[in-house]
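Just so it is clear, the model here is predicted, and its values are computed rather than measured. Residue numbers begin at 1 in each chain, while the letters A, B, ... track the order of the sequences.
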Number of protein chains: 2
Amino acid sequence: MTVEDEPRVTITRIAQEAGVSVPTVSRVVNGRSDVSPATRERVEELLRRYGYRRRSGQRQQTAASLIDLVFNDLDSPWAVEIIRGVEDVAHGALIGTVVSAIHQRSASTRQWMRNLQARATDGVILVASDVQSPLHAELRRLNIPTVVIDPAGVPAHDVPTVGAANWSGGLAATEHLVSLGHRRIGFIAGPRQLQCSRTRLDGYRAGLEAAGIAVEDELIQQGDFYHESGFASAGRLLDLDDAPTAIFASSDQMAFGAYEAVRRRGLRVPDDVSVVGFDDLPEARWASPPLTTVRQPLSEMGTLAARTVLRLARGETIESLRFELATALVVRDSCAPLAR
Amino acid sequence: MTVEDEPRVTITRIAQEAGVSVPTVSRVVNGRSDVSPATRERVEELLRRYGYRRRSGQRQQTAASLIDLVFNDLDSPWAVEIIRGVEDVAHGALIGTVVSAIHQRSASTRQWMRNLQARATDGVILVASDVQSPLHAELRRLNIPTVVIDPAGVPAHDVPTVGAANWSGGLAATEHLVSLGHRRIGFIAGPRQLQCSRTRLDGYRAGLEAAGIAVEDELIQQGDFYHESGFASAGRLLDLDDAPTAIFASSDQMAFGAYEAVRRRGLRVPDDVSVVGFDDLPEARWASPPLTTVRQPLSEMGTLAARTVLRLARGETIESLRFELATALVVRDSCAPLAR
């Protein structure tokens with residue numbers, strides 16, 4: 001591939017070659033809609049061929065945009081719900097969604113930042129990310145609009161966050177079990193560093209206290225949102241001398257792990273042990289028995305995060321930085337009244 | 001944003017400003033590794049600032065690349081397995097993975113093609129796509145490397161396809177049920193237009209024939225790979241006068257739907273009805289009971305598709321166009337010998 005010395009192409013030249021006015025080319029460059037499709041195509045072809053670029057300071061402006069959606073890992077049906085919500089918005093805005101997993105390794109993160117700078121992005125949506133990390137400082141330095149879904153740690157004061165109403169969800173799930181007569185209710189928590197984990201736990205505690213039930217440490221087990229930890233934690237709960245009669249697993253995947261812990265002990269859900277989850281993944285409906293759970297509007301969270309980051313990219317001010325989408329208890333077949 | 005008339009920046013000018021030689025700048029432009037990190041950063045910053053672009057004919061060359069991963073819908077844990085496999089390869093190659101859903105609507109597809117042309121891509125991986133569609137003709141016309149995972153219809157002779165060994169997987173599942181004594185074995189098929197659906201059905205038929213069991217039309221039900229169709233199809237099978245004692249659902253999600261159809265009739269898996277799935281989604285291990293299924297190496301299929309499309313992008317010839325990754329029967333707890 002040879003390198004050539006060439007004058008940079010101007011809008012005036014493109015207008016001449018396309019046989020249209022300069023304002024028309026300008027409209028195409030600025031993504032305005034009042035241009036006929038045929039003209040737009042002709043002008044865009046010329047823009048591409050001549051590699052036309054607007055000057056815009058440090059960040060590249062490209063003809064079609066990209067937004068970045070970054071996970072720690074891509075290993076859960078939870079992720080696909082978020083991806084769908086983000087991609088819905090991006091697709092409609094003629095923007096591509098770049099999906100990445102940075103695996104919590106700093107080398108991986110540095111690599112991702114290098115990629116990002118080289119190809120330009122309109123904004124970044126991080127999932128379950130620690131906003132105090134160097135990654136966020138770098139995004140801020142580069143002036144890249146950022147939104148976090150389910151932040152870890154304390155959110156930075158200027159970064160919008162999107163989550164679900166975890167506290168009221170935790171409360172609703174616990175109240176449901178209490179209403180069925182359960183008094184010894186186990187809880188399986190998610191990773192401590194995630195806000196949503198702590199908030200769901202707080203909702204559970206509030207539900208117990210409202211019913212005059214003491215909170216007992218041995219009934220609260222530490223999980224990590226994944227199946228295996230639900231299986232292990234539920235196992236520990238069921239093996240207690242005074243085992244709980246109900247388990248509130250704070251993610252559906254942990255609830256499925258709990259199902260298996262119950263089954264392996266020759267017990268049945270809900271006859272012997274009631275189980276509630278959190279998320280309402282599509283799988284919850286198809287579990288055996290169908291899982292009572294708290295619906296977290298995951299794809300709507302993705303949608304809102306994408307809309308917000310695009311608003312930031314357009315230079316809008318976001319009035320409120322903390323978005324909490326409503327949760328709702330979805331009652332199915334995994335809970336039963338306390339057998340007397 | 002104002003438009004300015006400016007001479008296009010050349011490598012010579014960037015070399016001068018960076019205080020390095022022209023060959024050094026050229027090495028950075030061409031992604032060569034024999035440049036010190038400090039120099040690379042300085043040169044890359046200048047390249048970005050001046051919007052330097054190499055001339056390369058119709059397609060843009062950008063400093064960091066993108067590959068496109070296109071689904072019909074983003075609504076299945078199956079999708080996240082593929083995404084992970086593709087992203088693993090892309091990430092290591094400093095390439096971003098753009099994930100899109102084109103929803104089988106032609107307007108959506110046209111929109112996606114426009115996005116694609118505007119931002120440039122190194123290659124496209126399509127999932128469950130019909131290679132005879134106009135989309136493929138357009139990709140070919142634009143000379144964009146393309147690979148298809150699980151093609152619909154008859155694959156084009158020059159487009160690489162990646163799939164699993166569906167026939168031997170279908171055979172293995174059926175042989176397993178036959179070995180447990182089952183003679184009336186129901187089958188739930190996936191969408192007819194997908195090759196993988198037909199091939200799994202063929203494996204099932206081959207398994208019956210090898211055991212001297214006649215293939216019966218009423219035992220073959222039409223599903224679409226999703227839960228609901230598995231629930232409905234299994235229901236039809238279980239309501240037959242001479243109901244099957246085992247059901248081979250050709251996707252895990254349909255198997256979970258079958259689980260529910262069994263449960264709703266007051267029956268149990270595997271005591272009354274044996275069930276086998278296909279995929280080995282992570283959920284299969286956590287089903288109640290854990291699902292016997294055929295493991296489809298989904299993330300490895302994504303990885304292979306990504307590697308193949310990048311090889312095509314580099315101008316390599318691909319020796320064999322049909323990649324079939326081995327499947328394996330994973331025996332868990334959802335099958336039991338025929339009760340006598």
Side-chain angles (χ1 to χ4, degrees), chain A residues 1 3-12 26 29-30 44 48-49 51 53-56 58 60 62-66 74-77 79-80 83-84 87 91 94-101 108 111-112 114-115 117-119 227 253 256-257 259-260 263 282-283 285-290, chain B residues 1 3-12 26 44 48-49 51 53-56 58 60 62-66 68 74-77 79-80 83-84 87 91 94-101 108 111-112 114-115 117-119 227 253 256-257 259-260 263 269 282-283 285-290:
Chain A
M1 189 158 302
V3 168
E4 301 165 48
D5 275 10
E6 289 203 336
R8 183 173 179 155
V9 164
T10 64
I11 275 192
T12 310
S26 194
V29 167
N30 289 302
E44 279 179 0
R48 276 194 301 277
R49 196 188 306 162
R53 284 287 174 269
R54 288 184 293 186
R55 288 291 302 277
S56 59
Q58 221 176 24
Q60 296 277 13
T62 53
S65 306
L66 296 167
L74 284 166
D75 57 3
S76 168
V80 92
I83 291 170
R84 185 170 76 248
E87 203 276 341
H91 192 78
L94 301 186
I95 287 169
T97 305
V98 180
V99 176
S100 305
S108 184
Q111 208 172 60
W112 177 76
R114 276 203 298 272
N115 286 5
Q117 290 178 51
R119 63 172 155 78
H227 295 105
Q253 288 178 268
F256 300 144
Y259 268 30
E260 183 59 7
R263 198 190 71 93
E283 287 67 33
R285 193 181 158 211
W286 295 102
S288 254
Chain B
M1 186 156 306
V3 169
E4 300 166 47
D5 276 13
E6 289 200 333
R8 181 173 180 156
V9 165
T10 64
I11 275 191
T12 309
S26 194
E44 279 178 359
R48 275 193 301 276
R49 195 188 307 164
R53 284 286 174 270
R54 288 185 293 188
R55 287 292 301 278
S56 59
Q58 217 176 25
Q60 295 276 17
T62 54
S65 307
L66 296 169
D68 272 76
L74 283 167
D75 57 3
S76 168
V80 92
I83 292 170
R84 187 170 77 249
E87 203 275 342
H91 192 77
L94 302 186
I95 288 169
T97 304
V98 181
V99 176
S100 305
S108 185
Q111 210 173 59
W112 177 77
R114 275 202 298 272
N115 286 6
Q117 290 178 53
R119 64 170 154 77
H227 295 106
Q253 287 177 268
F256 300 144
Y259 267 30
E260 182 62 6
R263 198 189 72 93
V269 178
E283 289 66 35
R285 192 182 159 210
W286 297 103
S288 254

*Where is the tightest heavy-atom contact between A:H91 and B:A101, given as atom of each residue plus distance?*
CE1-O, 3.7 Å

_So which atom in A:P77 and which in B:P77 form the shortest heavy-atom distance, rounded to 0.1 Å?_
CB-CB, 4.0 Å

*asked:* Quick check for you: to the nearest 0.5 Å, what is the distance between B:D68 atom CG and A:T97 atom OG1?
replied: 10.5 Å

_Under the side-chain hydrogen bond (donor to acceptor under 3.5 Å, both in side chains) test, residues paired with B:S100 that sit two or more places apart_ = B:W112

*For B:S76, which residues count as a side-chain hydrogen bond (donor to acceptor under 3.5 Å, both in side chains) partner, sequence neighbours excluded?*
B:Q253

Is [Y] close to [X] at the side-chain level, that is, under 4.5 Å between some pair of heavy atoms?
X	Y	result
B:W286	A:E260	yes
B:V99	A:V98	no
B:R263	A:P290	yes
A:V80	B:D75	no

*Most heavy-atom pairs under 4.5 angstrom with chain B, which of A:H227, A:R285, A:R84, A:E44?*
A:H227

